[in-house]
Protein chains: 2
Amino acid sequence: MSQTKIKNMEEFAAVSGISRPTVSKYFNDPASVRKSTRERIEAALERHDYRPNIYAINQNRRLTKNIGIVVPYLSDPFFAEIARNVESLVIDAGFRPIQLNSQGTKVQENDNLGSLRSIKPAGVLLAPLGRTSDRSSVEAFCKDVPTVLFDSNIEHLGEAFIGSNNDQSIALIIDYLCRSGEPPAFFEMKEPPNPNAFKRRSAYLATMDRLGHEPHLIQVDGEGWDFEAIGFSEGMRVIENRGLPTDTVLCSNDRLAIGFLSAAYEMGMRVGNGAGCALRVAGHDDHPFSRYTCPTLTTVSQDYASIAEKSVETLFRLIDSGERAKRRDTTLYDASLVMRGSA
Amino acid sequence: MSQTKIKNMEEFAAVSGISRPTVSKYFNDPASVRKSTRERIEAALERHDYRPNIYAINQNRRLTKNIGIVVPYLSDPFFAEIARNVESLVIDAGFRPIQLNSQGTKVQENDNLGSLRSIKPAGVLLAPLGRTSDRSSVEAFCKDVPTVLFDSNIEHLGEAFIGSNNDQSIALIIDYLCRSGEPPAFFEMKEPPNPNAFKRRSAYLATMDRLGHEPHLIQVDGEGWDFEAIGFSEGMRVIENRGLPTDTVLCSNDRLAIGFLSAAYEMGMRVGNGAGCALRVAGHDDHPFSRYTCPTLTTVSQDYASIAEKSVETLFRLIDSGERAKRRDTTLYDASLVMRGSA
DNA sequence: GTCTTTTTTTTACGCGCGTAAATTTACCAA
DNA sequence: TTGGTAAATTTACGCGCGTAAAAAAAAGAC
């Protein structure tokens, strides 16, 4: 490492003995210059540690190397986990991920899209709020920037959608629950803020209908994203009021189930399959914490990895082709049953 | 909203009837232009929705409006939560937060610092990996960019450090445990990857010494950040092997405790204070999930909000002054006891 | 060694904005 | 109305790089 500070590409080109346009070419794609040239540049790079100014680079380029990643609520471990997966894949592909957190609100989601717009990203991976999203904003954004939706679908928006097959996953867990005991009631928020909740509700109703069982919706009050708290307090209330129509409860998501399990524990109700158990509880998502609840939570596992991979792959294919999608593909991955102690 | 697309400040200045340099001045600080001028610009802004090109803006400015936020592991709800707090404060201050996730590795942390450097941030809020950090990299970075460390200290680096007082918090919980039952053993990883773990170990030893109790360290194997899994599997092992020297266990952090509680449940050991309980377990951090464990987890609560506020405030004070800190202040916030069911 | 193709160099312009200096205009009080 | 000051305009340059076109040089084939 030399002590001379290189302040721009001109100077770096000088010390490396290569012309500036060729150096520029190298930084855009090292493979685009002759091997001997590449080696000379890389040798100089070791001696001087120069990095092109990112603002100057992006000013004239139509396509930056930025990839936006927007998730609805990053404090939710489920989204943190999928964001982490996506981020790693983007880095591996040689792009710069820009991770943005909508913090559960439409306002922040719109702000995020605005920020992304001014960053001129090559593409965006967007997990929208869903129903709560500002459809026209998202639509306008998708028109300007190649955007792949994941986790939560908004009909007709974006180049593609990759998510989980809620019909399949809900049917899967209901089938299991019915095989192993009473048909489940469905525990959910009356007005859920999170994506996919309505999909799961209707999947529940459809599946119960198909199996010839009477559906029971337990719709509780509560606002915001503090699902465990809602599952806990409303779970307490339901249990106290003897509001459970069956001994089996399927929660709309694992976070509600975590709260619900905690409530059952506090109320002294044993949860599980065995003799002496008063209740069975199942969730949905295979939340990172679902394997540490008491008892451990039976749930269905979304195929995180495939969703992340397919989303990133789809976006990069689009970016490489330089075109928009000919048609909007929807890819749904099946979930798998995770049998644990709670049901 | 008009249909004419404004593509640069020149055009926008034209439609607003104001000269470009004045418009530029407005965007840098709306208060710096006369009220009547400001209103004319804002009127035009409503009609045309123009945003200055972020790359061109930052190219010539010494100081961008970017604030870097680096956390060691964003999938950990503890860090997700503190990052969310910090992010909101940064947005409120009119800056652009750039959130970066070190994903637990030195390599990624260094990459993040590199990315930040090329973004020319006005300042950085850095929660480093701590012991695992590449000291010389961080040091070099802090020399170039005003950086405030939080959560995890690296001696002498950065303009200031804001964190939690581990000595106080550990003493607090130990005092409580001793008052209400047997003195605790300390459950931790032999080689913890996370910051603060060593601080807590020595605080445990010091406090036990002060109180005249014999310390018991339960140091378990395991690598990486999957603390719950380690707490669970190693907790199982310890319980099975009757390796508990006392009936009270203080875990180095809540995530270990969550796993440990789950293990105790699986082993059929009742945890809590009451009669019929075989074990007491306490944690540290007031993790978002600690109120939903079974039983709910007694722990100490770090003062998230104050740490976030003070960190952001310290950084902005530095940025405003345009200078570096005269001396490196360390601010430690006391934690508070959160009594729940487990101890 | 010559011819062809690929790569590099030279030259030159533009991106969208920050910013400085000199000048003009607007504002406010007396 | 005048004078003084604060604000806006005009003019002009520069930031660091992308990129296009034409010319020169290097590499590969025969």
Side-chain angles (χ1 to χ4, degrees), chain A residues 4-45 48-66 96 115 117-122 322, chain B residues 4-45 48-66 96 115 117-122 322:
Chain A
T4 54
K5 304 282 174 211
I6 305 291
K7 61 168 221 258
N8 59 29
M9 195 178 279
E10 197 78 51
E11 288 187 16
F12 177 74
V15 301
S16 66
I18 306 286
S19 72
R20 189 181 66 76
T22 303
V23 171
S24 169
K25 203 149 173 280
Y26 167 84
F27 279 110
N28 284 322
D29 178 10
S32 69
V33 302
R34 198 192 297 143
K35 189 169 162 223
S36 59
T37 309
R38 185 164 58 240
E39 281 163 355
R40 286 171 66 191
I41 293 178
E42 279 162 1
L45 223 38
H48 290 94
D49 142 86
Y50 154 79
R51 297 179 63 159
N53 179 304
I54 201 169
Y55 299 110
I57 286 180
N58 287 323
Q59 175 152 14
N60 293 331
R61 238 209 303 248
R62 31 200 110 103
L63 208 67
T64 69
K65 284 275 188 179
N66 299 328
R96 251 174 50 83
S115 299
R117 208 190 277 274
S118 62
I119 271 177
K120 301 190 194 308
Chain B
T4 54
K5 305 281 175 213
I6 305 289
K7 60 168 222 258
N8 59 29
M9 195 178 278
E10 198 78 52
E11 288 187 17
F12 178 74
V15 300
S16 66
I18 305 287
S19 73
R20 188 180 67 77
T22 303
V23 170
S24 169
K25 202 148 173 281
Y26 167 84
F27 279 110
N28 284 322
D29 178 10
S32 69
V33 303
R34 199 191 298 143
K35 189 168 163 226
S36 59
T37 308
R38 186 164 57 241
E39 281 163 355
R40 286 171 68 191
I41 293 178
E42 279 162 1
L45 221 40
H48 290 95
D49 143 84
Y50 154 78
R51 298 179 62 158
N53 179 304
I54 200 169
Y55 299 110
I57 286 180
N58 287 323
Q59 173 151 12
N60 293 332
R61 241 213 297 253
R62 32 202 107 106
L63 207 69
T64 69
K65 283 273 188 180
N66 298 327
R96 250 174 53 83
S115 298
R117 207 190 277 274
S118 61
I119 271 176
K120 301 190 195 308

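Within every chain, numbering begins at 1; the chains are lettered A, B, ... in the order of the sequence lines, protein sequences first and strands thereafter.
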Using atom NZ of B:K25 as one end and atom P of D:dT10 as the other, report the distance to the nearest whole Å. 16 Å
Smallest heavy-atom separation, B:P121 atom then B:T64 atom, equals CA-OG1, 3.6 Å
Looking only at heavy atoms, the pair that brings A:A13 and A:S19 closest together is CB-C, 3.9 Å
D:dG16, C:dC17, D:dA27: which one has an atom nearest the side-chain heavy atoms of A:N8? D:dG16
With heavy atoms under 4.0 Å as the rule, sort A:F12 into base, sugar-phosphate or nothing. nothing
Rounded distance in Å - CD (B:E11) to P (C:dC15): 11 Å
For the pair B:Y55 (side chain) and A:I119 (backbone), establish whether a donor and an acceptor sit closer than 3.5 Å, ignoring hydrogens and angles. yes
5'-most by nearest nucleotide on DNA chain D - A:P52 or B:K35: B:K35
Let me know the distance between NZ of A:K7 and P of D:dC17, rounded to the nearest Å. 10 Å
Grab the CD1-C1' distance between A:I57 and C:dG16 for me, whole Å please. 16 Å
Which atom pairs link the protein and nucleotides 9-12 of chain C when you take only N or O atoms and keep those under 3.5 Å?
unit_1	atom_1	unit_2	atom_2	d
C:dT9	OP2	A:S19	N	3.1
C:dT9	OP2	A:S19	OG	2.8
C:dT9	OP2	A:T22	OG1	2.8
C:dA12	N6	A:R20	NH2	3.4

Indicate, with a heavy-atom threshold strictly under 4.0 Å, whether B:Y26 touches base, sugar-phosphate, or nothing. nothing
Nearest-Å distance for atom pair CG/P, residues A:N53 and D:dG14: 18 Å
Measure from OH on A:Y55 to P on D:dG18 and round the result to the nearest Å. 16 Å
Taking the inter-plane angle between the rings of B:Y50 and B:F12 on a 0 to 90° scale, is it parallel (under 30°), tilted (30 to 60°) or perpendicular (over 60°)? parallel
Spacing of A:E10 atom CD relative to D:dC15 atom P, expressed in whole Å: 11 Å
Between B:S24 and C:dC17, is there a side-chain N or O to OP1/OP2 distance below 4.0 Å? no
Can you tell me if the side-chain N/O atoms of A:N60 get under 4.0 Å from OP1 or OP2 in C:dG16? no
Side-chain (B:R40) to main-chain (B:I18) donor-acceptor, under 3.5 angstrom: no
Taking B:P30's backbone N and O only, do any of them form a donor-acceptor pair with B:R38's side chain (distance below 3.5 Å, no angle check)? yes
Distance-only, no hydrogens or angles: does the A:K25 side chain make a donor-acceptor pair with backbone N or O of A:S32 under 3.5 Å? yes
What's the closest nucleotide to the A:R34 side chain, out of C:dT7, C:dC27, C:dG18? C:dT7
Rounded distance (Å) that lies between atom C1' of D:dG16 and atom CE of A:M9: 8 Å
Look at the side chain of A:Q59 and decide which nucleotide, out of D:dG16, D:dA27, C:dT19, has an atom nearest to it. D:dG16
